[in-house]
*Asks:* 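Submitted below is the structure of interest, expressed as structure tokens.
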2 protein chains.
Amino acid sequence: MKKHKSKAVPPPVRGKRGPRPRNSVTLKMVAREAGVSASTASRIINRTVNVSDELRLAVEAAIAKFNFRPNAAARGLALGKTQTIGVISQAIASPFYGEGMRGIEHRLQQSGYAPLFMSGNWQEKEEIRCMEELITRGVDGIILFTSALSDAALKAYARKVPIVVTGRLLKSKGLVSMQVDDRYGALVAMRHLLDLGHRRIAFVAGFENHPDANERLAGYRSALESAGIPYDPKLVVAGDFHEEGGMQAVYQLMDANIPFTAMFCINDETAYGACLALFRKGMRVPDDISVIGFDDLRSSTYRVPPLTSVRQSVQQVGECAAEAILQMVAGRRPQVSVPPIELVVRESTGRVAG
Amino acid sequence: MKKHKSKAVPPPVRGKRGPRPRNSVTLKMVAREAGVSASTASRIINRTVNVSDELRLAVEAAIAKFNFRPNAAARGLALGKTQTIGVISQAIASPFYGEGMRGIEHRLQQSGYAPLFMSGNWQEKEEIRCMEELITRGVDGIILFTSALSDAALKAYARKVPIVVTGRLLKSKGLVSMQVDDRYGALVAMRHLLDLGHRRIAFVAGFENHPDANERLAGYRSALESAGIPYDPKLVVAGDFHEEGGMQAVYQLMDANIPFTAMFCINDETAYGACLALFRKGMRVPDDISVIGFDDLRSSTYRVPPLTSVRQSVQQVGECAAEAILQMVAGRRPQVSVPPIELVVRESTGRVAG
DNA sequence: AGCATTCTTGAAACCGGTTGCAGAAGGCCG
DNA sequence: CGGCCTTCTGCAACCGGTTTCAAGAATGCT
């Protein structure tokens, strides 16, 4: 198996290229089958220019015959884009983020872009790893469905790739943010409880200094103020955005003998935990204590009793975020909109016990 | 800077290449900065061969200086692999699939492979679309976390890319399947209810002919048989694997005045729905009716009352699936293992009312 | 009919990496 | 001190598409 040799320009030596297992059908094969060049085939596939019907049909037949699908890596390399949107949420198994991802997936489906989901698990370091990974993979845009990164870090990344971030307000080149009106949502929740006659309303917050939590606390306070009820810091206890935090909050309040007739929980998961702890303490919801959540997760419909909640449609937030990033990668300035906030009254809230 | 010239082949015309916005730093730039060729830089990055410390340090410095990250598309094209595992589940927002994906994500994290999640929504057509998309994108392997595809279709795909599928038993080249022992799980659940003295036990099934559902039904029947209790088909009602189905099942049973003291639900979500419907009918769980689920979703811990369930650790199934696909892409034959089945007794089941 | 213009089409450059091959450099031995 | 072996390193082929450029064909116009 001897190869000849040339002086100035050695001719292409088509040696076997190592153990590279290629089996897929390539554009070139399709083109040969259809009797055209690869360029023409490419143009037909992408409708880049007009081509005679005859050739078009020949190529389409060849594509069908071989069941040809262009290699995404090659296309991505040539085009400099991957038709992929990176999506970083905090936990893939969480019902909250699940609904958001579902919204993103749904909106992206019809667009030819595919989502690439990763989870930051509320750790700044992990989130950075995700960002680097996504950028390496050449995603065309990134949605941060809530983020643990600093504003400055976000702005820096936004210079490399279009970014949409939810859960904060931040304006910068190549970056769009979407914030739901947490304060107003909290106001709506509180108004509902106040209308039912509650005066001693506990608030189960999130981690301290979490922006969402602060806004909702502000709404809590302003609602009390409007109703002429003095703010009692003893009624505000920290949580962790999860069931565990809701449970601890109830234990803490009851063990300290702080009286209350209703609880406003920072999110539905916290409310679930609160309900369970109340159950353990022998309190009935809503007869003894009313409980209201925030987010209106799908599962809240099926709690026993079904949970009253402030609805912000996480799924719709996801859809809006996807819509925005699509606008951005298309080079347009996106119209950001957020879904409306509404109160969903179910059976975990009732008139204060007379 | 004169280049040599050849006759037949016209010299490369380095024309401006249209409006292609490239901004990223390339291997070539790094190599030039470090004073080596691109090949050497590549070899250093991939540790393909030994290189003198001097050059290694120079290249590493250049990489750090430019914050260089190799372009994944180019690498994927050259290597013919993408370091990506496609994962198809049925619904990204479902707690069941969420836990599975979490397991997969967790196992893959430490391996250098990234998961690419897509959802089939229980539609064969959508699942095919996902498969095609994943293959186009050149994923190195695919995990089907349950699948609506036929065995034959699966085998066909397995010839193009390594596949791991959960929820069925199927052996073929390039394909590994993982099935949990549904029948045994059902047996465990039933034994628990029987031990508590229940004799009239309803079974809320899934869709008809769903393999999991059939296996669990078989377990249900065999448990009854061992206990010497005749099988009463009126106690078996169809569900849909969701809350809605659980609710309808309860209504159907009670409207038909079929007496029962316990319910075995095909999965936890169904059990949630059943609990709610029982609540609506004024029945208490577990005082009047005991309810047991299957899967032990995380949220079952926080139901009111906390749900007794058969645990198969969906997350661990995900981890095992990920482990298996990693073995396969590495060219090894995987050792498939599935997590053990165990009964988690909580508060939704109790002694039959005397 | 003759010339300008527009359409089609293919050859080859290019995207940014990896890698076979071979030449250069250094080490060891007789 | 020359020959043979290793070890490093660079050139250029390649992965599979897209796109520029230019040539050839077809059409339009006077």
Side-chain angles (χ1 to χ4, degrees), chain A residues 3 5-6 8-32 34-56 58-59 68-82 136 138, chain B residues 3-4 8-32 34-56 58-59 68-83 136 138:
Chain A
K3 286 290 174 181
K5 168 147 200 302
S6 130
V9 181
V13 180
R14 184 66 183 82
K16 55 158 177 42
R17 291 282 273 128
R20 245 334 155 100
R22 307 274 173 171
N23 50 353
S24 54
V25 9
T26 72
L27 181 66
K28 218 164 289 179
M29 294 165 63
V30 169
R32 187 173 329 125
V36 300
S37 72
S39 350
T40 302
S42 169
R43 283 190 273 251
I44 289 174
I45 290 171
N46 301 304
R47 297 177 163 63
T48 311
V49 297
N50 276 355
V51 172
S52 66
D53 286 351
E54 189 190 359
L55 293 189
R56 148 165 294 116
V59 169
F68 167 74
R69 316 234 30 183
N71 175 314
R75 177 175 257 177
L77 180 56
L79 254 32
K81 37 172 43 189
T82 51
T136 294
Chain B
K3 283 286 171 188
H4 77 100
V9 184
V13 181
R14 181 70 181 81
K16 56 161 178 37
R17 290 282 276 130
R20 225 65 86 81
R22 307 274 172 171
N23 49 355
S24 53
V25 5
T26 72
L27 180 66
K28 217 165 291 179
M29 294 164 63
V30 169
R32 186 172 331 125
V36 301
S37 73
S39 350
T40 302
S42 169
R43 284 190 269 252
I44 289 174
I45 291 172
N46 301 305
R47 301 177 159 62
T48 311
V49 298
N50 276 356
V51 172
S52 65
D53 285 351
E54 188 188 1
L55 293 189
R56 146 166 295 118
V59 169
F68 167 74
R69 317 234 30 184
N71 175 314
R75 178 174 254 178
L77 181 57
L79 255 32
K81 35 169 48 187
T82 52
Q83 295 286 103
T136 295

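Sequence lines set the chain letters: A, B, ... in the order given, protein chains first and strands last, and positions in each chain run from 1.
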*Asks:* Please report the distance, rounded to the nearest Å, between CD1 in A:Ile44 and P in C:dT8.
*Replies:*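 The answer, rounded to whole Å, is 11 Å.
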*Asks:* Nearest-Å distance, CG (A:Leu27) to C1' (D:dC15)?
*Replies:*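 One finds 13 Å between C1' of D:dC15 and CG of A:Leu27, rounded.
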*Asks:* Evaluate the criterion side-chain contact (heavy atoms from CB on, under 4.5 Å) for residue pair B:Leu27 and B:Ile45; output intermediate values, then yes/no.
*Replies:* CA-CA 10 Å; B:Leu27 180 66; B:Ile45 291 172; 3.7 Å; yes
*Asks:* Specify the closest pair of heavy atoms between B:Phe68 and B:Thr26, including all atoms of both residues, with the distance to one decimal.
*Replies:*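 Looking at all heavy atoms of both residues, the shortest contact is CE1-C, 3.5 Å.
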*Asks:* Rounded to the nearest 0.5 Å, what separation is found between the OG1 atom of B:Thr82 and the CG atom of B:Leu77?
*Replies:*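 Nearest 0.5 Å value for the OG1-CG distance: 11.5 Å.
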*Asks:* Of the listed nucleotides (D:dG17, C:dG16, D:dT18), which one gets closest to any side-chain atom of A:Ser42?
*Replies:*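 The closest nucleotide is D:dT18.
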*Asks:* Using five pairs at either end of the helix from C:dA1-D:dT30 to C:dG30-D:dC1, determine the angle between the two local helix axes and round it to 10 degrees.
*Replies:*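 For the helix from C:dA1-D:dT30 to C:dG30-D:dC1, the axes at opposite ends meet at about 50°.
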*Asks:* Between B:Asn46 (CG) and D:dT9 (P), how many Å, whole number?
*Replies:*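 Taking CG of B:Asn46 and P of D:dT9, I get 16 Å after rounding.
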*Asks:* Just to confirm, is there a sub-4.0 Å distance from OP1 or OP2 of D:dC15 to any side-chain nitrogen or oxygen of A:Asn71?
*Replies:*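 No.
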*Asks:* Nearest whole Å is fine: how far is C:dG17 P from B:Arg47 CZ?
*Replies:*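 The distance from CZ of B:Arg47 to P of C:dG17 comes to 17 Å, rounded to the nearest Å.
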*Asks:* From NZ of A:Lys28 over to C1' of C:dG10, roughly how many Å is that when rounded to an integer?
*Replies:*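 Between C1' of C:dG10 and NZ of A:Lys28: 13 Å.
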*Asks:* Looking at the side chain of B:Ser39, which of D:dA12, C:dC15, C:dA12 is the nearest nucleotide?
*Replies:*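 The listed nucleotide nearest to B:Ser39's side chain is D:dA12.
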*Asks:* Is there a side-chain contact between A:Val25 and A:Val30 (heavy atoms, below 4.5 Å)?
*Replies:*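 They are in contact (side-chain heavy atoms under 4.5 Å apart), so the answer is yes.
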*Asks:* To the nearest Å, how far apart are A:Arg75 CZ and C:dC14 C1'?
*Replies:*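 These atoms are roughly 17 Å apart.
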*Asks:* Quick one: B:Met29 CE to C:dG17 C1', roughly how many Å, whole number?
*Replies:*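 One finds 15 Å between C1' of C:dG17 and CE of B:Met29, rounded.
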*Asks:* Out of curiosity, A:Ser42 OG to A:Arg75 CZ, how far, rounded to the nearest 0.5 Å?
*Replies:*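 Rounded to the nearest 0.5 Å, the OG-CZ separation comes out at 7.5 Å.
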*Asks:* Closest approach of B:Ile44 and B:Arg56, non-hydrogen atoms and distance?
*Replies:*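 Scanning both residues, the minimum pair turns out to be CD1-CA, 3.8 Å.
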*Asks:* Looking only at side chains, do B:Ser37 and B:Thr40 share a donor and an acceptor under 3.5 Å apart?
*Replies:*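 Short answer, yes.
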*Asks:* Establish, with yes or no, whether the OP1 or OP2 oxygen of C:dA11 is under 4.0 angstrom from a side-chain nitrogen or oxygen of A:Ser37.
*Replies:*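 The answer is no; no side-chain N or O of A:Ser37 sits under 4.0 Å from OP1 or OP2.
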*Asks:* Heavy atoms from C-beta onward define the side chain here; which of D:dC11, C:dG10, D:dT19 lies closest to that of A:Leu79?
*Replies:*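 Closest nucleotide to the A:Leu79 side chain: D:dT19.
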*Asks:* Side chain of A:Arg43 only, please: which of C:dG10, C:dT19, D:dG17 is the nearest?
*Replies:*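 Of the options given, the side chain of A:Arg43 lies nearest C:dG10.
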*Asks:* Go through D:dG16, D:dG17, C:dT9 for me and flag the one nearest to the A:Leu77 side chain.
*Replies:*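 Within the option list, the nearest is D:dG16.
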*Asks:* Return the value, rounded to whole Å, for the distance between atom NZ of B:Lys81 and atom P of C:dT18.
*Replies:*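 Value for this atom pair: 13 Å.
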